[in-house]
Amino acid sequence: MISPIYTYLQNLHATYADLHDGQVASYIPELSHANPNWFGICVATTDGHVYEVGDARQRFTIQSISKPFVYGLALEDHGKDAVFSKIGVEPSGDAFNSISLYPDSGRPFNPMINAGAIATTGMINGEHPAEKLQRLLGMIGVYCGHPVEVDQRVYESERSTGHRNRAISHMLRNFEILTDDPEPALDLYFQQCSILVTCRDLAIMAVTLANGGLNPITGQRAVHQPYVEPILSIMSTCGMYNSAGEWIYDVGMPAKSGVSGGVLAVLPGQLGIAVFSPPLDTRSNSVRGIRVCEDMSQDFNLHLFHAPVVAKSVIRTSYSASQVMSQRSRRDHEEEILQEHGHRIRVYDLQGDLLFSTVEVVLRDIMERHETLDFIVLDLKHVTSIDTTANDLLCDLLHTLESQQRMLLFSNIERSSPFAMSILGREDSDGSL
Ligand SMILES: NC(=O)CC[C@H](N)C(=O)O
């Protein structure tokens, strides 16, 4: 039996296989050999499933899609402030190869245009060029889940013709954004753009970002979680160059395109999408890539701002202990105690992800009732995650209730979870959950 999702993707592929608009990039001579009919669509989920349609396993060079990932590596190497001091985060509204530098400082507007990307690559740590390249290949390899390599022909082709990028790199040197000889940074940039990937790889790279930096297939961490947000933010505002505004308006997902015809899009927490089709529009984005992403976003309601309302469903049920107890046969003395005190015990059966807006609902309900209660039990059996904000708010609640001589208890908490550790780790806790 074929999944309706797979059938949908096959139909989408068939529809746009007939669209022959656009031109294969030729300014890097080697790219002009691409077959304009190559066309793959892949969707990867955060539990590691990949739907593949068409030329999902055709290899091609990653080109500009490498930029957000290398930006992540630069953030890991130097932190946000140091990177920000050299490369801005403002959309330029200009083409990918524009020389969009702040006039006084020479700082590139953002890391997605070539100027910003070359500056970013120039920040990658390593003793010598070979080590830097190995680090870069290693990082992309973790995202893809297998070792990757440089296509030497494409690399040589760009290196010998990339005069504009060479000019940009020397401009960056002039402004001391690059502080050494610009040639090695430029060379590494050409190599990073020539890394071979497939459409399937791109979908897995995208879903790794959707999954907080953890490759859901291998379980390996590709980037530290705190840097996923800046990477996705930059992709949202600058990933599609001079069509970034239209893209976020219509498609509504952080994305990145490259001149070899790849496009990837990330729906945080949910999906990674990739399309490969070499013919490009006038803004150097894959024609079919854009159409496929637009359709998928509309048909599946994937626009980021079409957000599910999470807060309504956090409390599965809440009940007073007297209600439960009377339903079960108890020994007489238990029954007595519960009849007397049960109404002062309230159990909250919670579900889903605990984050600010879901914990807020729980806190408010408890605050409204706390005067009538002695014990509040939060049953976490159906809770799937607790973020740090929810964790802190629950710890604060524990303190507040304690100061009012009321007790907050947790049931079905995993003792090894970070939440349990932070509760157990409290200095004044007796450790009894
Ligand atoms: N948009 C792109 O994919 C451009 C990457 C290409 N290597 C360049 O620098 O021109």
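First listed ligand is number 1; within each ligand, the first listed atom is number 1.
Side-chain atoms of Y319 and D349 include no donor-acceptor pair closer than 3.5 Å. For the 3.5 Å distance criterion, the side chains of D365 and Y348 qualify, holding a donor opposite an acceptor.
Residue-ligand proximity, C193 to ligand 1, at heavy-atom distances under 4.0 Å covers atoms 7 (N). The contact set between ligand 1 and G258, taken as ligand atoms under 4.0 Å from a residue heavy atom, comprises 3 (O). Of all atoms in ligand 1, numbered sequentially from 1 with element shown, those under 4.0 Å from a heavy atom of N114 are 8 (C), 9 (O), 10 (O). Contact atoms of ligand 1 toward N165: 8 (C), 9 (O), 10 (O) (distance under 4.0 Å to a heavy atom of the residue).
At least one test fails for R200 against the ring of F276: distance under 6.0 Å to the centre or angle within 45° of the axis.
Aromatic ring centres of Y51 and Y6 lie farther apart than the 6.0 Å criterion allows.
With hydrogens left out, the protein atom closest to atom 2 (C) of ligand 1 is S64 OG, 2.4 Å, a heavy atom.
Note that OH of Y241 is 9.5 Å distant from CD1 of I113, once rounded to the nearest 0.5 Å.
An N or O contact shorter than 3.5 Å links Y189 to ligand 1 by distance. Ligand 1 has no N or O atom lying under 3.5 Å from any N or O atom of I28, backbone or side chain.
Across V263 and G289, no two heavy atoms sit closer than the pair CG2-CA, 4.1 Å.
Contacts between Y27 and ligand 1 below 4.0 angstrom, taking non-hydrogen atoms only, involve the side chain exclusively.
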